[in-house]
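Following: one structure in structure tokens, then a few remarks.
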Amino acid sequence: MFSSDDLSSLRWDAVSGAVEIIDQTLLPHTLRWVHLDSLEAYCHAISAMQVRGAPLIGVTAAFGLAHAIAGDPSDHNLELASARLLATRPTAVNLRWALEEMARELQPRPLKQRADAARKRAIALREADIDSCSAIGDNGLALLRAISYRDTLNIMTHCNAGWLATIQWGTALAPIYKAHAAGLPVHVWVSETRPRNQGMNLTAWELQRAGVPCTVVADNSCGQLMRAGEVDCIIVGSDRTAANGDVCNKIGTYLKALAAADNNIPFYVALPESTIDWRCADGGGIPIEERDPLEVLAIAGVDAAGQGLEINLAAAATSAANPAFDVTPARLVTSLVTEYGVFAADSAGLARLKEQLGIAGDGENIG
Ligand SMILES: CSC[C@H]1O[C@H](OP(=O)(O)O)[C@H](O)[C@@H]1O
């Protein structure tokens, strides 16, 4: 489905070194590329959710660090820029993972080698993400092929875990793209995903663009769709999965997992290994981002004339809480779909993955 001239969420120019991202806060109504030309611009892009999604956040931060190092390769600036990027969002572990990958590459090097090494490592992380997500798609496709369905395979998803959350393919949507390309009759229930509406604004836009049949539904209707037999399986992404299989993902994921368990519907989590936090014993240790309550109290869109506008939904002075993620206990997850295969969402399943990868106790590769 993707070729070199296909859209990806972050692109870079090999000659000028310029890095551009799609400003996802303007989708689905406006597709605008934004040139990131300072560390501040990279930090803002992540914290303001111009770019979002665990893998994309990580790759964007890697390019942001490479940009900062090009100006000053000193240890002090490396630490300073890493700290600023790490502080942009607390939950997605790929942010920490990518910055640690970059530090591992740069710290042993002499200063004069760091700028080139940083850029090459960021580019390599971007390419590795494309390969990982494609492999997640292949492994997820095998799961979808094994599901029995009537005339159409009805898949529900939450938030956006498509190519807009990675570089290409996505995680939860990768098996769906591969299934569609393989001719499976898939249909996707797209949960709108209040309050930032990543489902309605991003997933529906992606799927429509790819020609995958989909229907946007209110988050609150998903339980009824499951009870009515309209859902054959659920696939979601992850921002951080603990070593025991607990999954932290967009707010609302836990409720879908509860309803799926109550209706005996397979609940799959698609993620690259970089989203597993091997140092985190269980979901209780995952920081949950609290975002601005205004994201709950107001909503942005366009009017009939296509003009952008934001409207207040609640009465003045209404208070709101806005936790951006929740934790789904491993017991509610049917399987973890990774680039290395499908694993049980429990300590034994993840120990099998860790052994397969040759990872030590604290997540460091021993290979
Ligand atoms: C492939 S990671 C996608 C993951 O990230 C989203 O969070 P956000 O939009 O706040 O970055 C959501 O949890 C997705 O499942």
Side-chain angles (χ1 to χ4, degrees), residues 8-10 21-25 27 45-61 88-98 129-130 132-137 140 156-177 188 190-206 219 234-241 246-257 267-277 283 286-292 295-296 322-328 333 336-339:
S8 64
S9 54
L10 179 147
I21 50 98
I22 293 174
D23 181 349
Q24 299 186 29
T25 63
L27 289 175
I46 297 170
S47 57
M49 295 177 67
Q50 290 179 302
V51 298
R52 24 73 46 206
L56 178 58
I57 288 171
V59 172
T60 303
T88 52
R89 291 189 76 188
T91 303
V93 71
N94 293 63
L95 178 54
R96 184 191 80 196
W97 170 82
D129 181 78
I130 295 172
S132 298
C133 290
S134 181
I136 289 169
M156 179 177 283
T157 192
H158 186 67
C159 198
N160 171 259
W163 59 265
L164 285 169
T166 66
I167 298 296
Q168 291 184 358
W169 291 113
T171 55
L173 296 192
I176 293 170
Y177 287 132
V188 184
V190 176
S191 189
E192 61 178 341
T193 314
R194 287 278 295 144
R196 288 296 300 247
N197 301 318
Q198 292 96 324
M200 177 155 61
N201 293 355
L202 305 177
T203 295
W205 180 79
E206 274 198 39
D219 297 320
I234 298 172
I235 311 180
V236 299
S238 175
D239 290 84
R240 188 184 307 224
T241 292
D246 290 347
V247 171
C248 183
N249 195 51
K250 185 50 49 189
I251 194 77
T253 303
Y254 172 49
L255 291 176
K256 284 187 170 60
F267 187 87
Y268 299 120
V269 176
L271 73 166
E273 186 265 334
S274 55
T275 303
I276 299 172
D277 185 352
I286 300 175
I288 301 294
E289 179 184 21
E290 286 284 345
R291 291 190 64 88
D292 187 338
E295 293 180 353
V296 177
N322 186 13
F325 298 95
D326 59 24
V327 174
T328 298
V333 178
L336 299 173
V337 185
T338 78
E339 66 270 49

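Just follow the structure's listing: the first ligand is 1, and inside any ligand the first atom is 1. Not measured: the values here are computed from a predicted model.
Side-chain atoms of Thr193 come within 3.5 Å of backbone atoms of Cys159 as a donor-acceptor pair (strictly under, hydrogens ignored). Proximity of a side-chain donor or acceptor of Asp326 to a complementary backbone N or O of Gly252 within less than 3.5 Å is detected. Side-chain N or O atoms of His158 include none that pairs as donor or acceptor with a backbone N or O of Gly237 at under 3.5 Å. When atom types are taken as modelled, the side chain of Gln24 and the backbone of Leu164 share a donor-acceptor pair closer than 3.5 angstrom. In this structure, the side chain of Thr241 does not engage the main chain of Ile276 through any donor-acceptor pair within 3.5 Å.
Shortest contact from atom 11 (O) of ligand 1 to any protein heavy atom: Gly53 N, 2.8 Å. Remark: minimum distance from atom 3 (C) of ligand 1 to any protein heavy atom is reached at Asn160 O, 3.5 Å. Considering only non-hydrogen protein atoms, atom 2 (S) of ligand 1 sits nearest to Ala54 N, 3.3 Å.
Under a 4.0 Å N-O distance rule, the pair Glu289/Arg291 qualifies as a salt bridge. Note on Arg240 versus Asp277: salt bridge recorded, some NZ/NE/NH1/NH2 to OD/OE distance being below 4.0 Å.
In the candidate list Glu289, Arg52, Gln24, Arg52 is nearest to atom 6 (C) of ligand 1, counting heavy atoms.
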Exercise. Carefully, step by step, assess Ile234 and Thr157 under the rule side chain to side chain contact (heavy atoms under 4.5 Å, CB included).
Key: CA-CA 6 Å; Ile234 298 172; Thr157 192; over 6 Å; no
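In terms of N/O distances under 3.5 Å, ligand 1 is not approached by Thr171. Between Arg89 and ligand 1, at least one pair of N/O atoms sits closer than 3.5 Å. Taking distance alone, with nitrogen or oxygen atoms compared against 3.5 Å, Asn249 approaches ligand 1 more closely than that limit. Close N/O approach between Cys159 and ligand 1 is not found [any backbone or side-chain N/O within under 3.5 Å].
Listed by atom number, the atoms of ligand 1 under 4.0 Å from Asp239 heavy atoms are 4 (C), 5 (O), 6 (C), 7 (O), 12 (C), 13 (O), 14 (C). Shown in contact with Ala165 at under 4.0 Å from a heavy atom are these atoms of ligand 1, numbered in order with element: 1 (C), 3 (C). The Pro55 neighbourhood of ligand 1 comprises atoms 1 (C), 2 (S), with distances under 4.0 Å to a heavy atom of that residue. Within the listing of ligand 1, atoms 2 (S) sit less than 4.0 angstrom from a heavy atom of Ser238. Atoms of ligand 1 lying under 4.0 Å from at least one heavy atom of Met49, given by number and element, are 9 (O), 10 (O). Set against the non-hydrogen atoms of Gln198, the atoms of ligand 1 under 4.0 Å away are 8 (P), 9 (O), 10 (O).
Side-chain contact between Arg52 and Lys250 is absent, with no heavy atoms from C-beta onward closer than 4.5 Å.
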